[in-house]
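Reading through the structure tokens given below for one structure.
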Amino acid sequence: MEVAQSLLGQHLVRRPADAQSTPGRYEIVEVEAYTQDDPASHAFNGPSKRSSIMFGPPGHAYVYFIYGMYHCLNAVTELDGVAGAVLIRGLRALPPPTGEEAGLPSRKIEPSELSQKIGPKLDGPGKLCRALAIDLAHNGVALFDHRSPLFIAPGVSPLPGTIIATPRIGISKAQDRPWRFIIDTRAGGGKTDR
DNA sequence: TCCGGGATTTAA
DNA sequence: TAAATCCCGGAA
């Protein structure tokens with residue numbers, strides 16, 4: 001919840017399997033919070049093989065597969081023993097870090113030409129996981145360990161008043177909880193950190 | 001072991 | 001509005 005909002009503006013870094021390549025960097029612009037007493041959460045019925053990671057220590061990735069075709073990425077939030085996660089729903093590709101001469105594309109992850117189809121904006125939890133090639137293999141990775149293939153780095157926190165809270169999407173239960181948070185990036189920024 | 005549904009996306 | 005299509009969880 002508070003953690004969900006604090007993740008907005010932080011940077012998600014995708015390290016390619018090829019350690020030499022430049023990691024892709026994305027700003028987190030949309031999230032949703034899920035808690036243990038939340039009927040819409042996978043953890044609602046207690047720990048299970050799939051959701052057990054949510055009951056573990058915070059700072060780890062919870063990845064699940066849904067509808068037979070999409071993965072969704074979450075960040076585990078609550079203390080060890082308590083379930084809680086933040087679903088990453090939207091990303092924004094950031095320009096390659098300076099010194100990225102060489103003409104390498106900012107996105108080093110390439111499911112072939114698929115990356116071409118996907119624009120700089122990644123809306124939707126399933127889409128962004130496909131774009132970053134995130135799958136169940138990333139379930140449980142430490143999100144604050146820079147050695148991970150996928151981790152979160154400090155970014156630019158959104159200014160006060162630029163976070164919009166709305167009801168969550170795509171669920172059939174507890175739709176009344178306004179736990180979806182979006183950075184209000186109007187007119188090209190809001191995140192113009194200067 | 002089998003069966004139904006799901007925190008989604010895209011296309012008609 | 002429906003289909004694509006895999007994994008999880010509960011029932012048998």
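The chains referred to below are lettered A, B, ... by the order of the sequence lines, with proteins before strands, and numbering in each begins at 1.
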Practice task
Please confirm whether His71(A) and Tyr64(A) have ring centers closer than 6.0 angstrom.
Solution key: no
Over how many whole Å does the gap from [X] atom [atom1] to [N] atom [atom2] extend?
| X | N | atom1 | atom2 | result |
| --- | --- | --- | --- | --- |
| Gln36(A) | dA7(B) | CD | P | 17 Å |
| Asn139(A) | dC8(C) | CG | C1' | 13 Å |
| Phe181(A) | dA7(B) | CZ | P | 19 Å |
| Ile88(A) | dT8(B) | CD1 | P | 14 Å |
| Lys127(A) | dA4(C) | NZ | C1' | 17 Å |
| Tyr34(A) | dG6(B) | OH | P | 13 Å |
| Ile169(A) | dT9(B) | CD1 | C1' | 13 Å |
| Phe44(A) | dG10(C) | CZ | P | 12 Å |

Practice task
Say whether Ile53(A) and Val31(A) are linked into one hydrophobic cluster, either directly or through other cluster members, by side-chain heavy-atom distances under 4.5 angstrom.
Solution key: no
Problem - cation_pi(Arg168(A), Tyr34(A)) dist<6.0 Å, angle<=45 - result: yes
Handout entry: Lys173(A) vs dA7(B): side-chain N/O to OP1/OP2 distance below 4.0 Å
Key =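 No, because none of the side-chain N or O atoms of Lys173(A) sits under 4.0 Å from OP1 or OP2 of dA7(B).
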Practice task
Would you jot down, in residue-number order, the residues of residues 61-72 of chain A having a non-hydrogen atom under 4.0 Å from DNA chain C?
Solution key: Phe65(A), Tyr67(A), Gly68(A), Met69(A)
Are [X] and [Y] packed together at the side-chain level, in the sense that at least one heavy-atom pair is separated by less than 4.5 angstrom?
| X | Y | result |
| --- | --- | --- |
| Leu132(A) | Leu91(A) | yes |
| Asn74(A) | Ile88(A) | no |
| Ile182(A) | Arg89(A) | no |
| Ile163(A) | Asp184(A) | no |

Problem - Sugar-phosphate only, base, or nothing, as touched by Leu87(A) at under 4.0 Å among non-hydrogen atoms - result: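 If one applies the 4.0 Å heavy-atom cut-off, Leu87(A) turns out to touch a base.
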Practice task
With heavy atoms under 4.0 Å as the rule, sort Arg89(A) into base, sugar-phosphate or nothing.
Solution key: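 The residue Arg89(A) makes sugar-phosphate contact but no base contact.
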Completion exercise
The dot-bracket string of DNA chain B, counting Watson-Crick and G-U wobble pairs with both distances under 3.5 Å, using [ ] for crossing pairs and | for pairs to another strand, is ||||||.||||.
Handout entry: Glu30(A) side-chain N/O to Ile183(A) backbone N/O, donor-acceptor pair under 3.5 Å
Key =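 Checked: no pair found.
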Handout entry: Under 3.5 Å: donor-acceptor pair, side chain of Glu78(A), backbone of Gly84(A)
Key = no
